[in-house]
Amino acid sequence: MAVAFRVTGVEQGEWAVLRVSGELDLMTSPVLRQGVHDVVAEGHHSLILDLSEVFFCDSSGVGVLIAARRLIRSCQGRLRLILPDRGADDGSHVNRVLGALGVRRLFDVHPDVESATTDEAGPLSA
């Protein structure tokens, strides 16, 4: 059974949270890219991408994450990813993909939204 791709947004304190579910691939990554751009256009520069319900991510999805990082950095903002060790049934696929590609270190990663919104870190660097 196919799971529909969804991006839903909520505000949690000073953070805009985009919850993403389904497959993040060539067909769906433009939806997430637009969601990130919309959040930034609304003036939010503290963004959390909750990817805990993403069960597949290809290179176009990784490209959107890297582009989101670049956009948020250009605004002197903060980007945090929710990538639990376990999630989306069999473990965080996105976490494994980012690790395999050697780009996970580029992101401020948290296991859940609560820790991402309460743990203070500086703006993105490098």
For this session: Take V20 and R6 through the side-chain contact (heavy atoms from CB on, under 4.5 Å) test and state the conclusion after the steps.
Result: CA-CA 6 Å; V20 185; R6 259 190 320 222; over 6 Å; no
For this session: Apply side chain to side chain contact (heavy atoms under 4.5 Å, CB included) to V103 and list each qualifying residue two or more places apart in sequence or on a separate chain.
Result: V62, I66, L98, L101, L106
Exercise. Quick one: salt bridge (charged side-chain N to carboxylate O under 4.0 Å, His left out) partners of R33, sequence neighbours excluded?
Worked result: none
For this session: For residues F5 and V31, determine if any side-chain heavy atom of one lies less than 4.5 Å from a side-chain heavy atom of the other.
Result: yes
Problem set entry | Listed partners of S29 passing side chain to side chain donor-acceptor pair (under 3.5 Å), at least two apart | none
Seminar exercise, completed: Closest non-hydrogen atoms of C75 and H45, given as atom of the first, atom of the second and distance, are CB-CD2, 3.7 Å
For this session: Return the minimal non-hydrogen interatomic distance between E23 and T28, and the atom names on each side.
Result: O-OG1, 2.6 Å
For this session: Under the side chain to side chain contact (heavy atoms under 4.5 Å, CB included) rule, collect the residues that match up with D112, sequence neighbours excluded.
Result: E114, S115
Exercise. Roughly how far, to the nearest 0.5 Å, is the CD1 atom of I72 from the OG atom of S46?
Worked result: 8.0 Å
Seminar exercise, completed: Sorted by chain and residue number, the side chain to side chain contact (heavy atoms under 4.5 Å, CB included) partners of H44 (sequence neighbours excluded) come out as E11, A16, V39, E42
For this session: Before giving the answer on side-chain contact (heavy atoms from CB on, under 4.5 Å), spell out for V94 and L24 the whole-Å C-alpha distance, their side-chain angles and the decisive distance to 0.1 Å.
Result: CA-CA 9 Å; V94 180; L24 183 54; 5.5 Å; no
Problem set entry | Identified side chain to side chain contact (heavy atoms under 4.5 Å, CB included) partner of L51 from the options V109, L18, L65 | L65
Exercise. CZ of R78 to CD1 of I48: how many Å apart, nearest 0.5 Å?
Worked result: 8.5 Å
Problem set entry | D58 (side chain) donor-acceptor with L26 (main chain) under 3.5 angstrom | yes
For this session: Verify side-chain contact (heavy atoms from CB on, under 4.5 Å) between R19 and V113, making sure each step is shown before the conclusion.
Result: CA-CA 10 Å; R19 291 190 170 101; V113 173; 4.3 Å; yes
Seminar exercise, completed: OG (S60) and CG (D25) are apart, to the nearest 0.5 Å, by 6.0 Å
For this session: First locate atom CG of D50, then atom CZ of R80, and finally report the distance between them rounded to the nearest 0.5 Å.
Result: 14.0 Å
For this session: Carefully, step by step, assess L32 and L49 under the rule side-chain contact (heavy atoms from CB on, under 4.5 Å).
Result: CA-CA 10 Å; L32 178 56; L49 295 178; 4.2 Å; yes
Exercise. From R73 CZ over to L79 CG, what is the distance, rounded to the nearest 0.5 angstrom?
Worked result: 11.0 Å
For this session: Tell me, please, which residues at least two apart from S59 pass side chain to side chain contact (heavy atoms under 4.5 Å, CB included).
Result: none
Problem set entry | I82 with V10, same ILVMFWY side-chain cluster at under 4.5 Å | yes
Exercise. When rounded to the nearest 0.5 angstrom, what distance separates OG1 in T117 from NE2 in H110?
Worked result: 9.0 Å
Exercise. For Q12, what residues pass the side chain to side chain donor-acceptor pair (under 3.5 Å) criterion, not counting sequence neighbours?
Worked result: none
